[in-house]
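One structure is given below, encoded as structure tokens.
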Amino acid sequence: MEKYRLRFAPSPTGPLHIGGARSALFNYLLAKKNKGTFIVRMEDTDLERSSKASEENIKNSLRWLGMNWDEGIDVGGDCGPYRQMERLDIYQAAVDKLLAEGKAYYCFCSEEELAAEKEAQQSRGENPHYSGKCRHLSKERQEELRTQGIKPVIRFRVPEGEEVVIHDLVRGDVTFETDGIGDFIIVKSDGIPVYNFAVVLDDVTMGITHVIRGEEHLSNTPRQAVIYKALGYEMPKFAHISLILGRDEEGNLTKMSKRHGSTSVIAYEQQGFLPEAIVNFLALLGWAPKGEEELFTLDELVKQFSLDRVSKSPAVFDMEKLKWINGMYIRKASAERLLEYGLPFLKKAGLVKRNPKVNEMIWAMLVIDALKNYISCFAELPEIIKKYQGDITYDAGAIEEFKANKEVVVTVMVAMKEKLEGVKTLDAQIYKDLLKEIQNETGIKGRDLYHSLRLAKTGEEQGPDLDKLAVIMGRDLMLKRTNDFLEFAETL
RNA sequence: GGCGCGUUGGAGAAGCGGCUUAACUCACCAGCCUUUCACGCUGGCAUUCAGGGGUUCGAAUCCCCUACGCGUCACCA
């Protein structure tokens, strides 16, 4: 059986974004599913935009998501180095070969010339591509131009009149005409190879068997295919996964970008999303599970994943769904983990001190436990807590209910006032006991008791259990609200 | 403009020629559960698959055309 080798090859020009993370995930899943190798390398040939910080960010995000790689950057392996800028000699050898065989040539055209050429072609209604002007420059002429200080680029000589068929694992056979592709640049004037060329050498020398990447690369594939052919290498299997779209304010769907909200993995981390939720959500972007279950851990995804359930049509980034998934994972998480993820948000909001004492930690734990069913990410925590600690307002619906049930509500609240005045502090157990007493003394129970209390104390129809809320609000605020309500009830 | 890809409900999305009177999930609505609500559970929610033609006994599924959307045509990846 063929040994699967897949890779994720980002360029370190910014933080890992959602689309990249999804590509990484699909490669990871297919590799793991087939007991293969998952490799991470860096495509850092764009000197202008590449940065060490970006590389670190990408690696951190991948690790945070749980996608650890078997080979590549930082971890090493037999096919290193794993940064393109450290592999220049590999590319050089291939360039020399192509040059020697006449499959590539130096081009001295200036930017201005090229732009003029392109414009002329467009005005004639032609498909703009390089004319091949420098294809047959003599050695002498080349030398002459060189001495003039012109630094040439190297172009690949694209064979004419050929058909390139890409056997794409998700899209089927896709055919391109080589005549639609101009002689493209494989080495820039500074001597650094360009992506389309370097990627081929990397995939070949690293023994990559499958390439899963975004659809935006589909039209690049024929370029790479002709290079594979010219060099006499076999192509890996390609799978182009659909774009991720976002909906803008007008409701139009376009490629996911900043205007649709956060696009980087770290932004979601900072908003208090759980890594397993992100992974789960990402997997659902363009891939569909077989059964009705949609919640999967990374390991479960490895078992479930298969390319034939990857969709051709674009995936839409549905924030509501992400929130739902995250909420589900928050509800499942252990108290320790909830505290670990939630505490930083409480600290940032000043709800808990920088170096909390034990009782503050307990408070935080209880608060998070009380609210975990009502949040979709941890960033929502402080807001909700402040809402319960702040001023209360009753909406029209609540007031209607009070009027309809005035006697019951007031009876309950009068009893509550007495009970609260009788205690110094409040916790869930004390609150429950108070409630029990009120129930016994007034004979009011069930919805009449619970619902009117909730409505009077929070102004809400639904929400966390009041005994848990007691911890957030505390005895004094509970009492104040009770008094306020009683005063307010007079006006009804 | 050339080339390439796509188009299924309020939303995401299955479906690959008959088993589809179109799964599943989110949202919404109703009921059950819980001494309240949420969670969970049960049920409801597209006679229809962008539009038009064709192939076939039979099409969301195959072919053609039209429309719309998106991607790509860089000394960026």
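Because the structure is predicted, anything quoted here is derived from the model rather than measured. Chain identifiers are assigned alphabetically (A, B, ...) following the order of the sequence lines, protein sequences preceding nucleic acid strands; residue numbering begins at 1 within each chain.
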With A:Tyr450, which residues qualify under side-chain contact (heavy atoms from CB on, under 4.5 Å), at least two apart?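 By the side-chain contact (heavy atoms from CB on, under 4.5 Å) rule, A:Tyr450 matches A:Leu435.
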
Short side-chain to backbone donor-acceptor contact, [X] and [Y], under 3.5 Å:
{"X": "A:Glu117", "Y": "A:Ser131", "result": "yes"}
{"X": "A:Asn326", "Y": "A:Phe273", "result": "no"}
{"X": "A:Arg41", "Y": "A:Gly72", "result": "no"}
{"X": "A:Ser54", "Y": "A:Ser50", "result": "no"}

Measure the distance from OH on A:Tyr329 to C1' on B:rU25 and round it to the nearest whole Å.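 Atom OH in A:Tyr329 sits about 13 Å away from atom C1' in B:rU25.
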
Can a donor-acceptor pair be found between the side chains of A:Gln429 and A:Asp433 at a distance below 3.5 Å?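 There is such a pair (donor and acceptor under 3.5 Å, judged by atom type) between the side chains of A:Gln429 and A:Asp433.
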
N/O contacts under 3.5 Å, protein versus nucleotides 35-44 of chain B?
unit_1	atom_1	unit_2	atom_2	d
B:rU35	O2	A:Gln439	NE2	3.4
B:rU35	O2	A:Gly446	N	3.1
B:rU35	N3	A:Gln439	NE2	2.8
B:rU36	O2	A:Arg454	NE	3.0
B:rU36	O2	A:Arg454	NH2	2.7
B:rU36	N3	A:Arg454	NH2	2.9
B:rU36	O4	A:Asp465	OD1	2.5
B:rC37	O2	A:Tyr374	OH	3.1
B:rC37	O2	A:Arg454	NH2	3.4
B:rC37	O2	A:Gly463	N	3.4
B:rC37	O2	A:Gly463	O	2.5
B:rC37	N4	A:Asp465	OD1	3.4

Scan nucleotides 12-14 of chain B against the protein and return all N/O pairs shorter than 3.5 Å with their distances rounded to 0.1 Å.
unit_1	atom_1	unit_2	atom_2	d
B:rG12	OP1	A:Arg247	NH2	3.4
B:rA13	OP1	A:Pro314	O	3.1
B:rA13	OP1	A:Val316	N	3.4
B:rA14	O3'	A:Arg309	NH2	3.4

For atom P, what is the distance between B:rA46 and B:rC41, given to the nearest Å?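 My reading of the P atoms in B:rA46 and B:rC41 gives 22 Å.
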
Span that lies between the P atom of B:rU66 and that of B:rU72, in whole angstrom: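 These two P atoms come out 24 Å apart once rounded.
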
Quick one: sort the A:Tyr106 and A:Phe108 rings into parallel, tilted or perpendicular, breaks at 30° and 60°.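 Ring orientation, 0 to 90° scale: tilted.
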
Aromatic plane relationship, A:Phe378 with A:Tyr341 - under 30° parallel, 30 to 60° tilted, over 60° perpendicular: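 Parallel: the ring planes of A:Tyr341 and A:Phe378 meet at under 30°.
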
Within the 4.0 Å limit for protein heavy atoms, which parts of nucleotides 72-77 of chain B are touched? Write it as a string from 5' to 3', B for base, S for sugar-phosphate only, - for none. SSSBBB

Pairing stems for RNA chain B [at least three consecutive pairs; Watson-Crick or G-U; under 3.5 angstrom]: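 Stem list for RNA chain B: B:1-7 with B:67-73, B:10-12 with B:24-26, B:28-32 with B:40-44, B:50-54 with B:62-66.
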
With a cut-off of 3.5 Å and sequence neighbours excluded, list every side-chain donor-acceptor pair involving residues 150-158 of chain A.
unit_1	atom_1	unit_2	atom_2	d
A:Arg155	NH1	A:Asp183	O	2.7
A:Arg157	NE	A:Gly102	O	2.9

